[in-house]
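Read the numbers this way: they start at 1 and go in the same order the structure lists the ligands and their atoms.
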Amino acid sequence: MKIRISIALFFLIQVCFAQTSEQASIIPQPNYVSFTGGAFALSDTTIIVAGENVFEANYLKNYLKENYGIEVIIDSHYPPFKNFISFLSILSSNPSELDPEYYDLKITKKGVTIKSNAAAGSFYAVQSLIQLLPLEKSRRLLVPCLQVFDAPRYKWRGMHLDCSRHFFTKEEVKKYIDYLAMYKMNTFHWHLTDDQGWRIEIKKYPLLTQVSSQRKETIIGKPVDSRGKPLKDVKYDNTPYGGFYSQDDIREIVAYAGKQHITIVPEIEMPGHSLAALAAYPQYSCTGGPFETYTTWGVSDDVYCAGNDSAYAFLENILTEVMDLFPGQYIHIGGDECPKVRWEKCPKCQQRIKDEKLKDEHQLQSYFITRIEKFINSKGRKIIGWDEILEGGLAPNASVMSWRGTQGGIAAAKQEHYVVMSPGKPCYFDHYQVKDRTNEPIAIGGFNPVDSVYNYDPAPKSLEPFEQKYILGAQGNVWTEYIVDFRHLEYMSMPRMAALSEALWTKPENKDYKKFIARLKIHSKLLDRMNVNYAKHVITQN
Ligand code: TNX
């Protein structure tokens, strides 16, 4: 009798320690979840039946080992009667109609069953399962019984990172990718070139790494006073700064992201934001240089010469190597903030305007992008560019990333071009996240609090339903003029990345800001365990 009572008590206590529906926190919130009561106990004796999802099964196995010291067994046989985590494929006569990101997660006292159409869905089920695990280390992990049916609202759930203004190491980039994976993001937009540094090895042009990846010093602080007026006496740190990713590094990162179902969209800026490249190869500018990689922020007037055929050949050779490294369908060609002052005075550019019967320098920019697009399309890939590529006419197959508000995106969708929304408000995570800036690390300006990110809806009301389908999704941009290291990057992106993931994954009718904050408070303990430098007061203030 005594033994029976203590066994009953033992199980009662264990069930009490499992997360309840109020305590369970999955971010982004699944589109359907129902807690069914009780808990599954995961332990050393649990068997994972991997099916076709060998990577996902091993990912879970490694996670359990690293975080809890629990060593589960992977077996390829049928699931045992109890104590299993089993991956199953949904069999359908028409699999092409099924969403590869869909998953079905069922947890009963006997075991965990994950069903999906493809490995991506299984991976997302694993991410949900991981977030349901208790934080405390234990030999038996109690996971609440539930049923989840889940699929994302948008196909493009992205985060961007500027590695030009400040460089992040291969390991740091991988860590950032891990955060994207945790939130079921599937696109990493990697900003690899700009006026202030070129970060990708191109075998044909070794000076890009020898010269363009370096700058002799960097401006200190913000070169404006508290009213935004430019300072007269600008200071530099007198310290060389640089870094780049070798092609081996890039291949490693692409493979690493790919396994976690994240596509990398590389960005090679043109025709503007190109001073670092021109510092090494000034012959592709209008004036011939000489130039130095920018040591200050802002935009250089010196850009690629749009009248010089050899500048196009230079870029096409670069893009050929880029396309060999990045297997995704999209190549980002920049296209933003290209000053036209050099083109206005350049005989070659003016000749090109005449020869091509263009109206002005805006149309010359359009000619430039269309010419590059033709090349990229000829290799079976697509271009995406910042919304300035609308000016002077959109290249025929281009997709648009709308950053100066949503107007560019709306205009592009009306022209039946695909769009990724990334309006400065609220998708720029280099902006401040709280009103009181006294204790905040330096930021570029602006104010994008976590609730504005959470409540962002990428679907513009002014678009008709058939136009809405051109909105692929949205992404958060992290420009790094003032973000000097990885801890600072974590601070700026977390928890806004979590909020954005829910804005992109969860259908509007399943979203609730108050509940999100409640889940974020639970989730923040996981971030603590991971030693992430997220903006804590943003969560506690809410
Ligand atoms: C604008 S967004 C830029 C970047 C800056 C950023 C700072 C875009 C296409 N261009 O070059 O880093 O603002 O917020």
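Ring centroids of W198 and Y205 are separated by 6.0 Å or more, keeping the two rings apart.
Taking every heavy atom of both residues into account, V532 and R487 meet most closely at C-NH1, 4.3 Å.
Neither the backbone nor the side chain of W297 has a heavy atom within less than 4.0 Å of ligand 1. Contacts with ligand 1 closer than 4.0 Å are made by no heavy atom of V299, backbone or side chain.
Ranking the protein heavy atoms by distance from atom 2 (S) of ligand 1 puts Y428 OH, 2.5 Å first. Annotation: atom 3 (C) of ligand 1 to nearest protein heavy atom, E337 OE1, 3.5 Å. For atom 1 (C) of ligand 1, the nearest non-hydrogen atom of the protein is W403 CZ3, 3.5 Å. Among protein heavy atoms, the minimum distance from atom 11 (O) of ligand 1 is reached at R165 NH2, 3.0 Å.
With ligand atoms numbered from 1 in the order given, ligand 1 contributes 9 (C) to contacts under 4.0 Å with heavy atoms of W386. Near E481, meaning under 4.0 Å from any of its heavy atoms, are these atoms of ligand 1: 5 (C), 7 (C), 12 (O). Residue D430 approaches ligand 1 through these ligand atoms, each under 4.0 Å from one of its heavy atoms: 7 (C), 14 (O). The ligand atoms of ligand 1 that sit less than 4.0 angstrom from a heavy atom of I444 are 7 (C), 14 (O).
Within the cation-pi definition used here (under 6.0 Å to the ring centroid, within 45° of the axis), K511 qualifies as a partner of Y454.
Ring-plane geometry between F368 and Y312 is classed as tilted, the angle between the planes lying from 30 to 60 degrees on a 0 to 90 degree scale. Ring orientation note: the planes of F314 and Y281 are tilted relative to one another, at an angle of 30° to 60°. Ring orientation note: the planes of Y241 and H166 are nearly perpendicular, at an angle over 60° on the 30°/60° scale. Ring geometry for H160 against W386 counts as perpendicular: the plane angle is over 60°, on a 0 to 90° scale with 30° as the lower cut.
Between K174 and E252 there is a salt bridge, with a side-chain nitrogen of the basic residue lying less than 4.0 Å from a carboxylate oxygen of the acidic one. A salt bridge does not link R251 with E321: none of the charged nitrogens is closer than 4.0 Å to a carboxylate oxygen.
Under a 4.0 angstrom heavy-atom cut-off, E388 registers as lying outside contact with ligand 1. Residue M401 places every heavy atom at 4.0 Å or more from ligand 1.
At least one N or O atom of D336, backbone or side chain, sits closer than 3.5 Å to an N or O atom of ligand 1.
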